Amino acid sequence: MMKKYMVIAFLVAICLNGFSQKYEGLAMTPPMGWNSWNTFGCDINEDMIKDIADAMVELGLRDAGYIYLNLDDGWMAKERNEEGKLYGDPKRFPSGMKALGDYIHSKGLKFGIYNCAGSKTCGGYPGSRGYEYIDAQCYADWGVDYLKYDWCNTENLNAKGAYHTMRDALYKTGRPIVFSICEWGDNKPWKWGKEMGHLWRVTGDIINCWDCEVGHGTWSSWGLWKIIDMRKDIRKYAGPGHWNDFDMMEVGNEFSDAENRSHFAMWAMLATPLIMGNDIRTASQETIKTLTNEGVIAVNQDSLGIQGFRFSNEFNIETWIKPLADGDWAIAFVNKNDADFNLEFNWLKHEMGDDLNQRFINFKQDTYKIKDLFNDKKLGDTSKPLNAVIGVHDVLMVHISKSKVE
Ligand code: GLA
């Protein structure tokens with residue numbers, strides 16, 4: 001008899017387990033949106049978030065693909081309520097999170113929120129440890145579409161286990177919620193993240209500098225090229241529904257226009273989420289032009305979902321390539337020098353290919369038409385060398401195609 005019950009219990013456990021998984025079919029291309037952290041830290045409120053929602057629509061960002069409006073740390077009251085539930089800070093979010101979600105949805109956008117696997121968030125607000133199922137249900141009730149789940153105050157927690165618990169809690173709500181793992185790459189989430197979520201941060205926090213490390217005692221913030229160099233070799237782990245997250249963008253945050261273009265180009269080449277981190281309400285026209293560049297966004301959102309890689313790094317020119325659907329390719333030449341660079345690139349002398357994905361180009365056999373994406377200009381074809389002047393920290397990003405360039 002005992003044995004029979006054990007068998008039944010075992011089968012029930014298998015069934016229950018079988019029903020908990022990550023929500024599949026989400027983030028089939030890298031998520032695009034906006035997040036409050038890089039510019040506002042914890043200083044956020046509902047009026048400002050609504051303004052951002054309006055600006056995302058008015059500036060054409062939503063229509064360019066930026067769909068998620070994500071609140072980062074700082075949205076909650078300092079304590080849970082008597083039922084143990086989270087709620088919005090009563091002064092800064094007096095209308096409550098459901099009302100804010102409704103507003104965001106009314107603009108044709110999706111609603112993202114933040115919490116942490118530990119006892120408290122990095123900003124000292126109540127974390128989800130021990131409250132995972134309660135919190136997940138609240139998010140679902142508020143209409144949340146995206147959860148960024150951080151890693152502060154997680155003493156003795158096992159990372160894979162903690163993200164597993166929240167994944168299951170989200171799944172149980174029945175609502176499709178993108179699950180963004182943010183444990184800074186400490187426990188190699190690229191090795192287990194595909195099962196747990198839709199994207200995972202690969203490093204500590206980004207900071208708006210070209211190539212610096214800023215130490216904060218026990219941790220550091222990283223400039224663009226530090227992040228890229230640190231994690232350029234984990235591309236095999238990324239693909240549709242599971243992305244390496246190189247962190248929210250600093251485009252528009254005190255970079256030159258050239259650096260903004262290079263940053264944006266690189267995030268596109270890396271097939272990493274395009275989450276804006278600037279104050280779009282006060283952004284320059286040039287910044288918005290960069291962020292809404294259709295051709296560059298298409299490279300990021302390409303349906304193959306292959307992360308690009310460094311082809312060469314000669315004369316301080318980083319050349320990156322990314323295979324695209326239909327046999328097309330994107331190529332970015334970034335000038336890291338502090339002077340203009342005269343590029344002469346003779347296609348016929350190069351063999352380009354992606355061993356990992358078994359995709360190759362034979363320039364001697366096939367001629368590709370070339371399009372300059374930032375200048376929206378045709379640049380002839382690969383039968384002749386490409387000549388261009390690339391400004392300081394600027395990029396020449398091209399899309400090459402055997403058939404399609406108009
Ligand atoms: C961590 C994350 C950041 C941000 C802050 C919020 O540092 O990595 O992206 O969410 O916490 O406190």
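Counting convention: from 1, in listed order, for ligands and their atoms alike. For the numbers below, each heavy atom of this structure counts, side chains included, while hydrogens, waters and symmetry mates do not. Keep in mind the model is a prediction, meaning the values are calculated, not measured.
- Of all protein heavy atoms, the one closest to atom 4 (C) of ligand 1 is D72 OD1, 3.4 Å.
- For atom 9 (O) of ligand 1, the closest heavy atom belonging to the protein is K148 NZ, 2.7 Å.
- Interface atoms of ligand 1 facing M248, defined by a heavy-atom separation under 4.0 Å, are 9 (O).
- Contact annotation: Y114 has at least one heavy atom less than 4.0 Å from an atom of ligand 1.
- Which parts of ligand 1 touch C122 is read off a 4.0 Å heavy-atom cut-off, strictly below it: atoms 1 (C), 11 (O), 12 (O).
- Residue-level proximity to ligand 1 for C182 is carried by the side chain, the only part with a heavy atom below 4.0 angstrom.
- Among W75, Y87, F111, the one residue that satisfies the ring-ring contact (aromatic ring centres under 6.0 Å, His included) test with W142 is W75.
- D150 and W184 form a side-chain donor-acceptor contact under 3.5 Å, judged by distance and modelled atom types alone.
- Classification of K377 and D372 as a salt-bridged pair fails, no side-chain N sitting under 4.0 Å from a carboxylate O.
- At the shortest separation from atom 12 (O) of ligand 1 among protein heavy atoms lies D73 OD2, 2.8 Å.
- Considering backbone and side-chain N/O atoms, D205 comes within less than 3.5 Å of an N/O atom of ligand 1.
- Seen from the ring of Y103, K50 counts as a face-on cation partner, given the 6.0 Å and 45° thresholds.
- Look at R92 and E46 and you find no salt bridge, because none of the NZ, NE, NH1 or NH2 atoms lies under 4.0 Å from a carboxylate O.
- Under the 2.5 Å cut-off for SG-SG separation, C116 and C152 do not qualify: their sulfur atoms lie farther apart than that.
- Each of the atoms 8 (O), 9 (O) of ligand 1 lies under 4.0 Å from some heavy atom of R201.
- An N or O contact shorter than 3.5 Å links W184 to ligand 1 by distance.
- When non-hydrogen atoms are compared, ligand 1 lies under 4.0 Å from the side chain of D150 (C-beta onward) but not from its backbone.
- A salt bridge is absent between D186 and R201: the closest approach of a Lys/Arg side-chain nitrogen to an acidic carboxylate oxygen does not fall below 4.0 angstrom.
- Between the CG atom of D247 and the CG atom of N38 there is a distance of 6.0 Å, given to the nearest 0.5 Å.
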